[in-house]
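Let me begin by presenting the structure, written as structure tokens, before commenting on it.
The structure displayed is predicted, hence computed values, not measured ones. Naming convention: chains lettered A, B, ... in sequence-line order (proteins, then strands); numbering from 1 in each chain.
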Amino acid sequence: MENNNVKIAVLSGKGGTGKTLVSVNLASVAGESIYIDCDVEEPNGHLFFKPTAIYQEDIAVKIPVVNESLCSGCRKCVDFCKFNALAFIKIKNKPYIFEEVCHSCGGCMLICPEKAISERERYIGKVQKGVSGNVTVNSGILNTGEESGIPIIKKLLEESASYEDFPVFIDCPPGSACMVMESIKNVDYCILVAEPTVFGVHNLSMVYDLVKLFGKPYGVVLNKCLDGENPAEIFCISKNIPILGRIPFDPELGKLNSEAKIAVRESERFRELFLSLYKTIMKEARHETTADSKR
Amino acid sequence: MKIAIPVDEQNLESSVCPSFGRAPYFLFYNTVTKESYYIDNSAVASQGGAGIKAAQVIADQGTNVLIVPRCGENAEEVLRKSEIFIYKSIQGTAKQNIDAFEAEQLVLLNDFHSGLHDHGK
């Protein structure tokens with residue numbers, strides 16, 4: 001029996017290369033599937049899916065609170081904090097907390113010999129779950145001005161573990177920093193989306209280094225392909241990176257996309273394009289997962 | 001009175017370091033005894049919150065006055081709560097800044113930036 005429970009991350013080094021285009025359309029041709037928008041700073045997959053039956057949950061992080069009547073001013077919490085989220089105010093003989101610098105590790109609470117530190121919740125964003133056709137659409141939304149969306153991404157992906165029988169498509173944040181690492185940590189396969197520009201190649205090389213560092217199987221989708229030389233394709237060939245498929249620089253596709261329509265739901269031509277891409281990816285991903293389990 | 005200045009080198013002729021949180025050293029100068037000493041800025045290698053930690057170093061030395069070209073909001077918060085006055089430095093060496101302070105030629109810094117954390121974006 002074919003194993004459909006494959007987690008696939010879609011990433012790129014820069015914004016605007018087509019992560020959302022690829023992940024939204026792949027999820028839409030996959031039959032029953034899950035789409036997870038981990039681009040929590042600017043989630044826009046939901047604009048395409050327009051999900052209904054929305055369930056929403058607020059996401060909070062833990063922030064220390066000092067009970068000043070119990071605090072002895074030993075400053076162990078301040079010296080312990082590796083993020084410098086606490087300062088010791090000598091004239092008051094008490095610590096002072098910088099909430100937005102705090103990483104919610106809970107260390108200060110554990111280290112306090114007087115048990116003067118407790119935790120309270122601070123809301124940083126939310127997750128939204130809904131349905132669009134065969135696709136379960138889960139999005140993370142980080143409040144503006146927040147330092148890190150990692151707690152939201154963790155929540156989104158923790159729940160994805162329960163979708164046992166369906167392929168999961170993870171629309172990652174752009175770049176190759178912490179939030180992307182959190183998004184790809186437990187995936188089976190990574191799709192790198194690249195555009196045919198010098199910028200595209202530079203950013204592709206960054207995510208390429210990242211997926212190699214994580215030891216993830218990967219392949220590239222070349223987006224916005226034109227006739228003539230494609231610097232991203234040359235890069236793939238020189239590094240021996242598998243090319244999973246090519247999406248043409250097509251005015252019709254561009255128009256559908258700009259109107260927030262899902263191309264595979266509107267046009268047979270694009271349905272075929274993404275279905276063939278989907279089949280290639282699933283073959284690669286299943287192959288890699290089996291190879292992995294034999295290791 | 002104890003004055004602190006972020007400096008690039010450990011001598012009075014050093015320039016004032018343009019960064020507070022990431023300055024390599026802090027100069028401390030006692031206006032009564034005219035003695036000075038230097039401390040490595042332990043915040044220099046911090047991943048984040050360098051301004052907070054640097055302000056902590058300044059506060060822990062019992063400083064009364066900090067002379068800096070600029071200062072972030074978080075550091076300012078620690079310094080203010082620790083009742084340390086922040087003066088704006090002038091062009092020139094650490095010594096010239098100390099002299100200018102003693103001649104009452106420096107002004108209080110009252111413009112604190114919200115952080116330079118996004119300068120790589």
Stepwise side-chain contact (heavy atoms from CB on, under 4.5 Å) test for Q56(B) and N84(A): CA-CA 10 Å; Q56(B) 184 79 64; N84(A) 301 323; over 6 Å; no

Region of A55(B) in contact with chain A, defined by heavy-atom distances below 4.5 Å: neither

Neighbour count above 12 (heavy atom, 6.0 Å) for K82(A) NZ: yes

From K53(B) atom NZ to F83(A) atom CZ, the distance as rounded to the nearest 0.5 Å: 12.5 Å

Nearest-0.5 Å distance, OH of residue Y96(A) to CD1 of residue I52(B): 9.0 Å

Toward chain B, the part of F88(A) with a non-hydrogen atom under 4.5 Å: both

Chain A neighbours within residues 58-66 of chain B, where any heavy atom lies under 4.5 Å away: A59(B), D60(B)

More than 12 heavy atoms from other groups under 6.0 Å of CZ on F199(A): no

More than 12 heavy atoms of other groups within 6.0 Å of K76(A) NZ: no

Per-residue contacts, residues 75-88 of chain B versus chain A, heavy atoms under 4.5 Å: E77(B), V78(B), K81(B), S82(B), E83(B)

